[in-house]
Amino acid sequence: MASVPSLVSLCLLVLSHACSAQLEQVTSQHGWTRVRGEQRRECQFSRLSAREPDRRLTSEAGVTDVWDENDDQFRCAGAAALRHTIEERGLLLPAYTNAPKLVYVDQGQGYHGAAIPGCAETFQSQEESQQQQDPRQGFRDQHQKIRKVREGDVIALPAGVADWFYNDAQTPLVLVQIMDTSNPANQLDNNFRKFFLAGNPQQQIQGQRGQFSGQGFQRGESHSGGQEQRSGNIFQGFDEQFLAEAFNVDTDLARRMKNENDNRGVIVRVEDRLQFLTPEFSEEERSEYQRGRPANGVEETFCSARLKQNINDPSRADVYNPRAGRITSVNSHNLPILRSLRLSAQKGHLYQNAIMAPHWNMNAHSICYFTRGTGRVQIVDENGRSVFDGEVREGQILTAPHNFAVVKRAGGEGLEWVAFKTNDQAKISQLAGRVSSMRAFPEEVIANSFQVSREEARRLKFNRDEVTLFSPGSRSQYRA
């Protein structure tokens, strides 16, 4: 007969494999290669533009800005972009998407909840705990973990995981979302689809790929209320009797779940402060939260997996030049869930007139949302043609396609951006600077390639001694 320790070990092993399998199912691991099908043959990167949102949906407690998926840079990158601006006491209604997504907190702070399938409601009120001892005690709430979010956080969510956001502060909570519709986890077409569990959302929030301006939607602003088309929440399509039986409630309550006459939009205002369970911080824990708690590798289980990482903290910079700026990355090394989503992000901060080294993205598209300041960006294709050469500013999105060469220069106010990358271990190869391709080539190769003297080749190779971020108007000491 097997010993108790052996049985316990066997149970833990089975549970571990079950949780891993469940995560695999949620994130849909189907090999490393990203499949884009016909859209790859249709891609036209001959001309790019820095895009602002094409349509705005106004809700009771905020607005949602949507970028046009038909633009080549989104269609070819297999991505969709949204920006939610949530007012005080605003609740972004629970919903899930058909594709993995990264959410960047551009401004403000608030709370985020995600319903991870199969995980227990580990947050219980004191009364609920007491009820287990004394059933006569009144019943109170219990739910899954709630996470505090703040400016600079990147939140990673697999396809099909329902989540919500709430703004408990007086300042707006601004969320920029990129959905990777070409990810293997998306088993539908390349349209972005948002499945709401509540409310009566505007139809224009859904993906419009294949429908152009004037055909299916209008550019510009769309207000809540009025005669605009509604897409409905997922309960609207179910029979009321089925819902009543499934939830063990009366048909009147089942009917109200459909929210058929609800014109509040996708961001609703909570009448009073939203009440939910969240642990109180001790001073030590609050300090850890503000610094960003490092992962220790022990607590990273399926149900308690970290979903967010802050990339605004200067102390976490991966590249820092006191005269030029800093770069901070979040990838599958420091946020393991990204390994399943095949996504990563990078926060860039260039000081006044500083330059990010000319480079190319080796294994990913880079979808840049500019968060502060102004600057100039140039992007060059495989034929040496400039596909973008222009100014960028706060609130715009510009995609640097896979392998296209790109360079950024900040304006007089500096330039900040967050780049969403379509690979969990995205890499760049630099064209200038200390760790560049030019440094790797022998002088003779450079001299003969460009038909220059060895002295000129040496200057090309060694005159810029900085890494990734270059200070303005300065050159490294020339090496004879």
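For the single chain, residues carry numbers from 1 onward in sequence order.
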Using atom types as modelled and distance alone, determine if a side-chain donor or acceptor of [X] lies under 3.5 Å from a backbone N or O of [Y].
{"X": "R323", "Y": "S471", "value": "no"}
{"X": "N183", "Y": "A99", "value": "no"}
{"X": "N361", "Y": "N363", "value": "no"}
{"X": "R306", "Y": "N334", "value": "yes"}
{"X": "N98", "Y": "N186", "value": "no"}
{"X": "W417", "Y": "T371", "value": "no"}
{"X": "N233", "Y": "K258", "value": "yes"}
{"X": "S436", "Y": "G433", "value": "yes"}
{"X": "D65", "Y": "L57", "value": "no"}
{"X": "H359", "Y": "A357", "value": "yes"}

Answer with yes or no whether the side chains of [Y] and [X] bring together a donor and an acceptor at under 3.5 Å.
{"X": "N259", "Y": "Q236", "answer": "no"}
{"X": "T468", "Y": "Q430", "answer": "yes"}
{"X": "N312", "Y": "N310", "answer": "no"}

Checking Q73 against T399 for the side-chain hydrogen bond (donor to acceptor under 3.5 Å, both in side chains) test, could you report, in this order, the C-alpha distance in whole Å, the side-chain angles of both residues, the deciding distance, and whether it holds? CA-CA 6 Å; Q73 60 184 312; T399 299; 3.2 Å; yes

Less than 4.0 Å between a side-chain N and a carboxylate O, is that true for [Y] and [X]?
{"X": "R75", "Y": "E69", "result": "no"}
{"X": "D389", "Y": "R376", "result": "yes"}
{"X": "D424", "Y": "K421", "result": "no"}
{"X": "R193", "Y": "D189", "result": "yes"}
{"X": "K148", "Y": "D153", "result": "no"}
{"X": "E416", "Y": "K408", "result": "no"}
{"X": "R326", "Y": "D313", "result": "no"}
{"X": "R393", "Y": "E52", "result": "yes"}
{"X": "R464", "Y": "E466", "result": "yes"}
{"X": "K347", "Y": "D318", "result": "no"}
{"X": "K461", "Y": "E456", "result": "no"}

If you measure from [atom1] on [X] to [atom2] on [Y], what distance do you get to the nearest 0.5 Å?
{"X": "L93", "Y": "R264", "atom1": "CG", "atom2": "CZ", "result": "6.5 Å"}
{"X": "S429", "Y": "N403", "atom1": "OG", "atom2": "CG", "result": "9.5 Å"}
{"X": "R372", "Y": "L350", "atom1": "CZ", "atom2": "CG", "result": "15.0 Å"}
{"X": "L102", "Y": "I155", "atom1": "CG", "atom2": "CD1", "result": "9.5 Å"}
{"X": "F165", "Y": "H112", "atom1": "CZ", "atom2": "NE2", "result": "4.0 Å"}
{"X": "H365", "Y": "D180", "atom1": "NE2", "atom2": "CG", "result": "9.5 Å"}

Minimum heavy-atom separation for T85 and I267, please, with both atom names.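 So the two residues come closest at O-CD1, 3.8 Å.
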
If I compare all heavy atoms of A79 with all of I367, which pair ends up nearest, and what's the gap?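 Scanning both residues, the minimum pair turns out to be CB-CD1, 3.5 Å.
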
Just wondering, do [Y] and [X] contact through their side chains at under 4.5 Å, heavy atoms?
{"X": "V407", "Y": "Q378", "value": "yes"}
{"X": "I337", "Y": "P158", "value": "yes"}
{"X": "V174", "Y": "R83", "value": "yes"}

Got a sec, which pairs hit ring-ring contact (aromatic ring centres under 6.0 Å, His included) with one end in residues 368-416, sequence neighbours left out? F45-F404

Greater than 12 external heavy atoms within 6.0 Å of N261's CG: no

State whether the number of non-hydrogen atoms from other residues, nucleotides or ligands found under 6.0 Å of E271 atom CD is greater than 12.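 Open.
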
Do Y111 and Y166 make the cut of ring centroids closer than 6.0 angstrom? no

Start with the C-alpha gap between R273 and R89, add the side-chain angles, then the distance that decides, and say whether side chain to side chain contact (heavy atoms under 4.5 Å, CB included) holds. CA-CA 7 Å; R273 294 287 175 183; R89 292 189 288 115; 3.9 Å; yes

In sequence, state the C-alpha distance, the side-chain angles, and the governing distance for L92 and W164, and then conclude on side chain to side chain contact (heavy atoms under 4.5 Å, CB included). CA-CA 6 Å; L92 179 60; W164 54 267; 5.7 Å; no

Per the side chain to side chain donor-acceptor pair (under 3.5 Å) rule, which among E88, E60, E87 passes with R269? E87

Would K194 count as a cation-pi partner of F192, with NZ or CZ less than 6.0 Å from the six-membered ring centre and within 45° of the ring normal?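 No, K194 does not sit over the ring of F192.
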
Could you please spell out the steps behind the side chain to side chain contact (heavy atoms under 4.5 Å, CB included) verdict for V377 and L398? CA-CA 9 Å; V377 178; L398 176 64; 3.8 Å; yes

Not counting sequence neighbours, which residues clear salt bridge (charged side-chain N to carboxylate O under 4.0 Å, His left out) with D381? List them please.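 Counting only residues at least two positions away or on another chain, D381 forms a salt bridge (charged side-chain N to carboxylate O under 4.0 Å, His left out) with R385.
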
Might you work through the side chain to side chain contact (heavy atoms under 4.5 Å, CB included) test for Q177 and Y104, ending with a clear yes or no? CA-CA 6 Å; Q177 301 187 12; Y104 177 72; over 6 Å; no

